[in-house]
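Following: one structure in structure tokens, then a few remarks.
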Amino acid sequence: MEVVIVPDATAGGELIAETIASLLSRKPDALLGVATGSTPLPIYQALAAKVRSGAVDASRARVCQLDEYVGLPVGHPESYRSVVLREVIEPLGLSEASFMGPDGAAEDVQAACEAYDKALAEAGGVDLQLLGIGTDGHIGFNEPCSSLASRTRIKTLTEQTRVDNARFFDGDTEQVPRHVITQGIGTILESRHPILLATGEGKADAVALTVEGPLASVVPASALQLHPHATVVVDEAAASKLKLADYFRATYASKPAWQGL
Ligand code: PGA
């Protein structure tokens, strides 16, 4: 995988927004897989600024969700559907029709998971998948020991993830749903270009295990080692435990500009 070390979260957001802009110029109706959480927000802000300034035309872009809580009422402000509508779809000026995600309120969750995998395939597959990383190494909501071949399915959150996400639920871990639907690791690996952004010291251990540790389901993000075109963008703090940081810096510094990410 390619590791790019940037000074801070804003620079990471700008770099990835540039990559999305470049994809949209080549493929205006690209299917963009978006992640939730705090980390990707600078990407969406930078991309929305490009749309507003006319630097990028995102009007034909399509957007799909990575994961979703199970059991939140439809329209709950912290359901990931609501978050993506608020943080991505509206700022980019897209319509809800260009956006798809798994149905976390479905009565038959299993059927909803299978339907979502099918919908992604029928849409031609995900062109660029944005990812965050959990402090426990999860991507999407694939918690430690998720099958590396997994498809979209229901998962149970670890206590650590529920504690991490309590900040979106008035600081109350009990309000964080226990169950989620997430694209599987196998599903994520089918995207044409997964880009993981990690910022802050709290992610340094998970990043080091992902990039320099062995491929292991106990660190789900390490599955990106299997992808022929995976990019990991990290700020200095999240890169602080990488033994090969200097090599990654030198490699990126001498990369031909035309290659992009
Ligand atoms: P965060 O979440 O960006 O809010 O830290 C990342 C994740 O859980 O994937």
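Indexing begins at 1, ligand by ligand and atom by atom, following the structure's order.
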* Test item: side-chain donor near acceptor, S22 and S25, under 3.5 Å -> no

* If you measure from each non-hydrogen atom of N165 to ligand 1, which part falls under 4.0 Å: side chain, backbone, both or neither? -> neither

* **Flag, side chain of T182 to backbone of F141, donor-acceptor distance under 3.5 Å** => yes

* To do: Among all protein heavy atoms, pick out the one at the shortest distance from atom 7 (C) of ligand 1; state its residue, atom name and that distance to 0.1 Å.
  => H138 NE2, 3.4 Å

* Asked: Where is the nearest protein heavy atom to atom 6 (C) of ligand 1: which residue, which atom, and how far?
  -> I133 O, 3.5 Å

* Enclosure of K255 NZ (heavy-atom neighbours >12, cutoff 6.0 Å) -> yes

* Asked: Of all the non-hydrogen atoms in the protein, which one sits nearest to atom 5 (O) of ligand 1, and at what distance?
  -> K203 NZ, 2.6 Å

* Considering only protein heavy atoms, which is closest to atom 1 (P) of ligand 1, and at what distance to one decimal place? -> T39 OG1, 3.5 Å

* Specify whether F169 and Y69 have parallel, tilted or perpendicular ring planes, treating 30° as the upper limit for parallel and 60° as the lower limit for perpendicular. => perpendicular

* **Identity and separation of the nearest protein heavy atom to atom 4 (O) of ligand 1** => R167 NH2, 2.7 Å

* When you check the gap from the basic side-chain N to the acidic O, do E114 and R153 get nearer than 4.0 Å? -> no

